[in-house]
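Inspection log for the structure reproduced underneath, given as structure tokens.
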Amino acid sequence: MIPLSTPLRFLPLLPSELQLATVLKSGQSFRWARFDTVHASKPDVAAETAGAAPGAEDSKPALEAKEQLVQGEEWAFGWGDRTVVLRQDSQGIHYRSLYPPIPPYAAYAADLKSDTTLPLLKSYFQLDTPLAPLYAEWAAKDAHFKKKVEAEGERLEGIRVLNQDPWECLISFICSANNNISRITLMVNRVCESLGAPLPHPTSFHPSTIHTLSSLSTLTPLPSPPSTPVLYAFPPPSALTPSSTDPLLRELGFGYRAPFIEWSANYLVDLAEEQKTTPLEYLESLRKGKFDGDLGGAREKLMEFKGVGRKVADCVALFSLGWKETVPVDTHVFQIAIRDYSFPSSKTTALTPVLHDRVCARLQTLWGPHAGWAQQVLFFADLKPSSGSASPSPSPKKRSGSTTPSATTTVVRNKFEEELKEIMENPGKRRRVSVKVELKEESGSESEGKVTKAVKKSGKTKKAAT
DNA sequence: ACTAACCCTATGTA
DNA sequence: ATACATAGGGTTA
């Protein structure tokens, strides 16, 4: 498919307000794919800038005639009905959207007319919330935070919490249980490949596919080359409700989380129907400011989904529903609390619900109404310890010196890494697993019986209040 | 309130 | 270099 592209647009934004490369890979979203751009509208310019390092600024288009030339890294995301492609420089974010060339091009036309991508970006990155004042607030309230940020400099700049689609967020973090970021990424991308709608791939972008509203009226679909790269959207709840979901996900490496996801998809779809709303609307009803209740109440609602405990519920609340004050406490954050905030580690090494509450409350008190945002900064600080200065937790496993991790390490590329890399860089190949969506007898669905009540998540005493 | 079991993979240790 | 143990942004029963 030869995508329809919007013009390249620009959103002024200081790097201190958003550090794209960091935020998109900080473990909030697992679906952003990075590309080293090779496109240039002018060969001479391409040759000139090709060797430049990614950090090199001011290699801005000296030739302002065509601004589509790009070098360095770009980020792409299958976003509902479009693929959004982003690139950051010192001045801000360059963005464009790619649409499938499917008549009548309504979404594309709307984007051309009024830039429907911009509000998406503003919402997703929560740009109505300036970051600088928050950093100042946290530094004032927390000496350790201040010290850490000052010591690490630019590396910790521009780290903010995303406002993601709550459905994708829910499923993604169900996958996160007892798991690592690499595998979560692999799993999420696999399910998109299998069940998500195909969208244009950024490498198939070409300047000639940028249209105007007037030219759009006469546009005829171009013949699609057989093997144009594709990207995928995240599958909607209805795509994960069939009984084939569990076995499929197991095949995709989801392990014991597979049935949780099928169950939760059914729970959500049934619940929404019951309340005469849509799945997304239901989740949105749990948003801070909209939800009729406090954080604890929203958390409880989220924990009704299977595979969602306290920590995952906090992640969904923070990363997709506007509960900016919550601090998801996992083993990692727990260790940070012990190490840096003199949290009593005493006897219990296990992270019990009670301890969970104490840590969360403590950090909320310390950091204030945006505690979850502050946590994200410190979490990243530990995620990839800086190799340069004296980091508080330079895991002793690393030896300094050797620039390369020995020949053996280099050579041994396991399948897992290769497939991950392959998927992230080249989603074009259809590795789609066939799924038969056999609708198991929808015969006269009980008007009120519904699966919802019958299969209510057990083990969670919510109504019975112990 | 505590604990083992859970799918699977990377990394560390013998 | 191969075998074994442990942990990874937990949750369930």
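The figures that follow rest on heavy atoms only: side chains count, while hydrogens, waters and symmetry mates do not. All chains are named by letter (A, B, ...) in the order of the sequence lines, taking the proteins before the strands, and each is independently numbered beginning at 1.
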> Choosing from dT11(C), dC6(B), dA13(C), which nucleotide comes nearest the side chain of Lys306(A)?
Replying inline: dA13(C)
>> Rounded to whole Å, how long is the line connecting atom CG of Asn178(A) with atom P of dT12(C)?
In response: 13 Å
> Quantified in whole Å, what is the P atom distance between nucleotide dC7(B) and nucleotide dC4(C)?
Replying inline: 22 Å
> What is the nucleic acid contact for Val312(A), judged by heavy atoms within less than 4.0 Å: base, sugar-phosphate only, or nothing?
Replying inline: sugar-phosphate
> What is the distance, rounded to the nearest whole Å, between atom CG of Asp330(A) and atom C1' of dT11(C)?
Replying inline: 14 Å
>> Against the six-membered ring of Tyr341(A), is Arg362(A) placed for a cation-pi contact (under 6.0 Å from the centre, within 45° of the normal)?
In response: no
> Please, what dot-bracket string fits DNA chain B when only Watson-Crick and G-U pairs with both distances under 3.5 Å count, crossing ones use [ ] and pairs to another strand use |?
Replying inline: ..||||.|||||||
> How many Å lie between CZ on Phe173(A) and C1' on dG9(C), as a whole number?
Replying inline: 8 Å
> Mind checking whether Phe343(A) and Phe334(A) have parallel, tilted or perpendicular rings, split at 30° and 60°?
Replying inline: perpendicular
> Do Arg257(A) side-chain and dC8(B) base share a donor-acceptor contact under 3.5 Å?
Replying inline: no
> Starting at CZ of Arg183(A) and ending at P of dT11(B), how long is that distance when rounded to a whole Å?
Replying inline: 14 Å
> Rounded to the Å, how far apart are Ile181(A) CD1 and dG9(C) P?
Replying inline: 6 Å
> Does the distance from a Lys or Arg side-chain N to an Asp or Glu carboxylate O, for Arg310(A) and Asp357(A), drop under 4.0 Å?
Replying inline: yes
> What's the OH-P distance between Tyr256(A) and dT11(C), to the nearest Å?
Replying inline: 9 Å
> Should the ring pair Tyr267(A) and Phe305(A) be called parallel, tilted or perpendicular, given that the plane angle runs from 0 to 90° and is split at 30 and 60?
Replying inline: perpendicular
> Using atom P of each nucleotide, how far apart are dT3(B) and dG9(C) to the nearest Å?
Replying inline: 23 Å
> Given atom CD of Glu304(A) and atom P of dT11(C), what is their separation to the nearest angstrom?
Replying inline: 15 Å
>> Within the 4.0 Å heavy-atom criterion, would you say Gln28(A) contacts the bases, only the backbone, or no part of the nucleic acid?
In response: nothing
> With no hydrogens and no angle check, do the side chains of Thr117(A) and Arg9(A) hold a donor and an acceptor under 3.5 Å apart?
Replying inline: no
> Taking atom P in both dA5(C) and dA5(B), what distance in whole Å separates the two?
Replying inline: 15 Å
>> At 4.0 Å (heavy atoms only), tell me whether Arg250(A) reaches a base, stays on the sugar-phosphate, or touches nothing.
In response: sugar-phosphate
> Does OP1 or OP2 of dG10(C) have a side-chain N or O of Thr331(A) closer than 4.0 Å?
Replying inline: yes
> Is there a donor-acceptor pair closer than 3.5 Å between any side-chain N or O of Thr245(A) and the backbone N or O of Pro242(A)?
Replying inline: yes
> Does the pair Lys290(A) and Glu284(A) meet the rule for a salt bridge (charged side-chain N to carboxylate O under 4.0 Å, His left out), with working shown?
Replying inline: CA-CA 8 Å; Lys290(A) 196 184 301 181; Glu284(A) 279 294 334; 3.8 Å; yes
>> Please check: side-chain N/O of Asp314(A) versus main-chain N/O of Ala317(A), any donor-acceptor pairing under 3.5 Å?
In response: no
> Rounding to the closest angstrom, what is the interatomic distance between dT9(B) and dA1(C) at atom P?
Replying inline: 23 Å
>> If I take atom CD1 in residue Ile261(A) and atom P in nucleotide dC6(B), what distance separates them, rounded to the nearest angstrom?
In response: 19 Å
>> On DNA chain C, compare the nucleotides closest to Ser26(A) and Phe260(A); which residue's is nearer the 5' end?
In response: Ser26(A)
